[in-house]
Participant: 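The structure that follows is given in the form of structure tokens.
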2 protein chains.
Amino acid sequence: MARLIDVAKAAGVSRSTASNVFNNPDMVRPKLRQRVEAAARELGYAGPDPTARLLRAGKVNAIAIVPPADMGVSALLRNPVFSLFVLGVSEACDEVGANLMIVPDKPGGKGINNGMKNAVVDGFIFGRVEHLHEIEPARLRRLPFVVVDFDAGPHISSVRVDAYAGAYAAAKHLIDLGHRRFGILSFLRTFGPARVHPVGKPRAAEASGLPIDQEKYRAYTDALAEVGIDVAEVPMVQAEAWDRDAAGMILDAAPDATAILSMSVMQAIAIVEEAQRRGRLVPRDLSVIGYNDIAAAERCNPPLTTVDAMGIDKGRAAARLVFAGGPPRHEIIEPRLIIRGSTGPARTR
Amino acid sequence: MARLIDVAKAAGVSRSTASNVFNNPDMVRPKLRQRVEAAARELGYAGPDPTARLLRAGKVNAIAIVPPADMGVSALLRNPVFSLFVLGVSEACDEVGANLMIVPDKPGGKGINNGMKNAVVDGFIFGRVEHLHEIEPARLRRLPFVVVDFDAGPHISSVRVDAYAGAYAAAKHLIDLGHRRFGILSFLRTFGPARVHPVGKPRAAEASGLPIDQEKYRAYTDALAEVGIDVAEVPMVQAEAWDRDAAGMILDAAPDATAILSMSVMQAIAIVEEAQRRGRLVPRDLSVIGYNDIAAAERCNPPLTTVDAMGIDKGRAAARLVFAGGPPRHEIIEPRLIIRGSTGPARTR
DNA sequence: GATCTTTTTTGGACCGATCCAATTTTTTTC
DNA sequence: GAAAAAAATTGGATCGGTCCAAAAAAGATC
């Protein structure tokens, strides 16, 4: 397989000149240039090998998204919330003409198969971080990287959506509609069966999956406290995002709630559907509010009131930070409450 | 910034030994290994630079999807049909633990910014090819690559969905339901205003956007011919996939059709909606059939009968071919007719 | 046409590793 | 304890280029 040096030899010029023909064509006189080009054609040489060039250049023109620890490429793309995030990143890539790579963290991967350790990119974006050690490989590579919705200290760039504000707005919205009897559907991030939390016991610790979930829980707590409700008295279920029973569980656990606060969109949609299956009208008999806005939320019937956690903007901002490089920066994005049809005034008993 | 050689020096061993510590740890005795590891820690050396290692290894453990010529990364991901394809590719990546890169073909891109020419990947998958020259950069790089739904000759691996069979099944389905008066909504792939094709004129050439569209047209032609219908007598509109007026246009152009054959899902859904807006019941008054099965088709009301063009399988197959390497292969995937609610028996006048 | 500029071209060093044959060290065998 | 076998270590070559200062060629000036 022809190399630059072969082309140079064939054309009777030095490597440098041949190199220039491909990189700074107008630095070499037409006559020589043509000779080199002819030689290249002759030998089927398609231009400098990107791999080799890389060694010196140091830039690849690509960034990587690292999916959460337990997700592969397809899991990331299938997840409606994450796929919005990916979309945001991809927009930023298009802005600067960069390529986008998805690099799952394969913990066991040795040698070339170890994701982050070997990915040939200019920087990383972490889709979700649960432990600091997950970002260690990126730190060691000394490439720019950004974490999302996670506090990794002042020295690591981050983009965060103010989950507290979002969840607070959601709870406040329901309170303003007159609701006083709630149910909370929270996340369980450790694999396992859903948990129903007994009413009346403090449970800050158990209620917490990720830090971001804790923030939401705090927001609920604070908003409810303002109208004299102790969150510990609010029935709560904690379940995985994909747990199909969770909707029924929270409806069972909070039988006389007039409103459900869900930390997940998909679960919120499931609650709407399950409530209707049980003969309760939404929002007349029950208001439901979710967190995150995906296409399915709008299609829900009635359309779901939810918090837009600005996934696209978050992705775009994160990618821009990586492209910009420079000293660590921290961006905070304000979520937006999207009021649709699944919430309404509390029915007076 | 520390290099392998610095670590070696600091530990008082040769480069080779240091290299082995990171690549074949059990080939070097514990004593030395520890010394090297200590030195590495001391110097903040995180292991061999992937870029440099690449030069020798030749493998990156990543493949690239090249979006159609006019699409960037985000356009690809936003497109519901293509995103299924991407999903299929991503599944194959997960199977072998590879990374997935999206590399738009930036025609003007010089140097590091030229997509395919510089992407550091092991192979390419072309999402859609319209001209042979689009795949030229990949060919020159001598990396394995696969084209999809395009015939680039026997020497270039391809995965194709039998569009003829799919479209034929669609037309046959309507014919079997008793329909005899049709309208056809076809693709316009060159930018421009939608075209209404006059009835009674031969139009094979004009009807054709991509080869794949031509196949569908041929299939319609053949299926209709079997019941004595000349396709040239069937009203036809040709429009871009995103043209919002197309649905109205075909309904206007084929006012007494009882069934519409659409080459696009999104357009088919639009037709269903537009027909209902005009007071026609689907499928009682009008049957509509699409091509490609995306989530939105199922949510359509009534759910859309359409051809599942097996986008996921197509992507998976293409990626597997790239990973497998070896001599060119050609796979053909059979589409499936998905019968839902938007088609029904022709109403007897 | 000789001298001074400017433009081209060139060879050496380097980018950061891996590979392999040869050498050195350690272990085994008798 | 010497010889043979096995294991560990090493230096040189290589992967395929780019960069830069110096040399050569071309062009300008008088």
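None of these values were measured; they are calculated from a predicted model.
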Participant: Which pairs with one or both residues in residues 127-151 of chain B pass side chain to side chain donor-acceptor pair (under 3.5 Å), sequence neighbours excluded?
Facilitator: B:Glu136-B:Arg139, B:Asp149-B:Lys314
Participant: Tell me every residue that passes ring-ring contact (aromatic ring centres under 6.0 Å, His included) with A:Phe150, counting only those two or more places apart in sequence or in another chain.
Facilitator: none
Participant: By the salt bridge (Lys or Arg N to Asp or Glu O under 4.0 Å) test, which pairs, at least two apart or in different chains, include something from residues 72-94 of chain B?
Facilitator: A:Arg78-B:Glu91, A:Glu91-B:Arg78, B:Glu91-B:Arg316
Participant: Which angle, rounded to 10°, do you find between the first-five-pair axis and the last-five-pair axis of the helix from C:dG1-D:dC30 to C:dC30-D:dG1?
Facilitator: 30°
Participant: Just grab all the salt bridge (Lys or Arg N to Asp or Glu O under 4.0 Å) pairs involving residues 8-32 of chain B, residues at least two apart or on different chains.
Facilitator: none
Participant: My understanding is that only residues two or more places apart in sequence, or in another chain, count here; which of them pass ring-ring contact (aromatic ring centres under 6.0 Å, His included) with B:Phe145?
Facilitator: B:Phe126
Participant: Counting N and O atoms only, with roles assigned by atom type, does the side chain of B:Ser157 sit under 3.5 Å from a partner on the main chain of B:Arg329, one being a donor and the other an acceptor?
Facilitator: yes
Participant: Residues two or more places apart in sequence or in another chain: which of them pass side-chain hydrogen bond (donor to acceptor under 3.5 Å, both in side chains) with B:Ser90?
Facilitator: none
Participant: Whether the side chain of A:Asn79 engages the backbone of A:Leu76 through a donor-acceptor N/O pair (distance < 3.5 Å, no angle test) should be reported.
Facilitator: no
Participant: Going by number, which of residues 33-41 of chain B have a non-hydrogen atom under 4.0 Å from DNA chain C?
Facilitator: none
Participant: If you walk 5' to 3' along DNA chain C, what is the first nucleotide with an atom under 4.0 Å of a heavy atom in chain B, and what is the last?
Facilitator: C:dC15 to C:dT26
Participant: Could you list the residues that satisfy side-chain hydrogen bond (donor to acceptor under 3.5 Å, both in side chains) with A:Arg33, not counting sequence neighbours?
Facilitator: none
Participant: Using a cutoff of under 3.5 Å, can you pull out all pairs of nitrogen or oxygen atoms linking the protein to nucleotides 12-19 of chain D, with atom names and distances?
Facilitator:
| residue | atom | partner | partner atom | Å |
| --- | --- | --- | --- | --- |
| D:dG12 | N7 | B:Arg15 | NH2 | 3.2 |
| D:dG12 | O6 | B:Arg15 | NH2 | 2.5 |
| D:dA13 | N6 | B:Arg15 | NH2 | 3.2 |
| D:dT14 | O2 | B:Arg56 | NE | 3.3 |
| D:dT14 | O2 | B:Arg56 | NH2 | 2.5 |
| D:dG17 | OP1 | A:Tyr45 | OH | 2.9 |
| D:dG17 | OP1 | A:Asp49 | N | 3.1 |
| D:dG17 | OP2 | A:Leu4 | N | 2.6 |
| D:dG17 | O5' | A:Tyr45 | OH | 3.2 |
| D:dG17 | N2 | A:Arg56 | NE | 3.2 |
| D:dT18 | OP1 | A:Asn23 | ND2 | 2.7 |
| D:dT18 | OP1 | A:Arg53 | NE | 3.4 |
| D:dT18 | OP1 | A:Arg53 | NH2 | 3.4 |
| D:dT18 | OP2 | A:Ser19 | OG | 2.3 |
| D:dT18 | OP2 | A:Asn23 | ND2 | 3.3 |
| D:dT18 | O2 | A:Arg56 | NE | 2.9 |
| D:dT18 | O4 | A:Arg15 | NH2 | 3.4 |
| D:dC19 | N4 | A:Ser16 | OG | 3.2 |

Participant: With side chains defined as the heavy atoms from C-beta onward, is the minimum distance between A:Ser83 and A:Leu77 less than 4.5 Å?
Facilitator: no
Participant: So do the side chains of B:Val86 and B:Val89 get within less than 4.5 Å of each other, counting heavy atoms only?
Facilitator: no
Participant: Donor-acceptor pair, distance only, cut-off 3.5 Å: does the side chain of B:Asn61 make one with the backbone of B:Gly97?
Facilitator: yes
Participant: For D:dT10, does either OP1 or OP2 sit under 4.0 Å from a side-chain N or O belonging to B:Thr17?
Facilitator: yes
Participant: If only atom types and distance count, is the side chain of A:His155 paired as donor or acceptor with the main-chain N or O of A:Pro328 below 3.5 Å?
Facilitator: no
Participant: Counting distance only, does the side-chain N/O of A:Asp122 pair as donor-acceptor with the main-chain N or O of A:Val60 below 3.5 Å?
Facilitator: yes
Participant: Report each atom pair, protein N/O against N/O of nucleotides 5-8 of chain D, whose distance is under 3.5 angstrom.
Facilitator:
| residue | atom | partner | partner atom | Å |
| --- | --- | --- | --- | --- |
| D:dA8 | O3' | B:Arg29 | NE | 3.1 |
| D:dA8 | O3' | B:Arg29 | NH2 | 3.4 |

Participant: Under 4.0 Å between a Lys/Arg side-chain N and an Asp/Glu carboxylate O for A:Glu331 and A:Arg320?
Facilitator: no
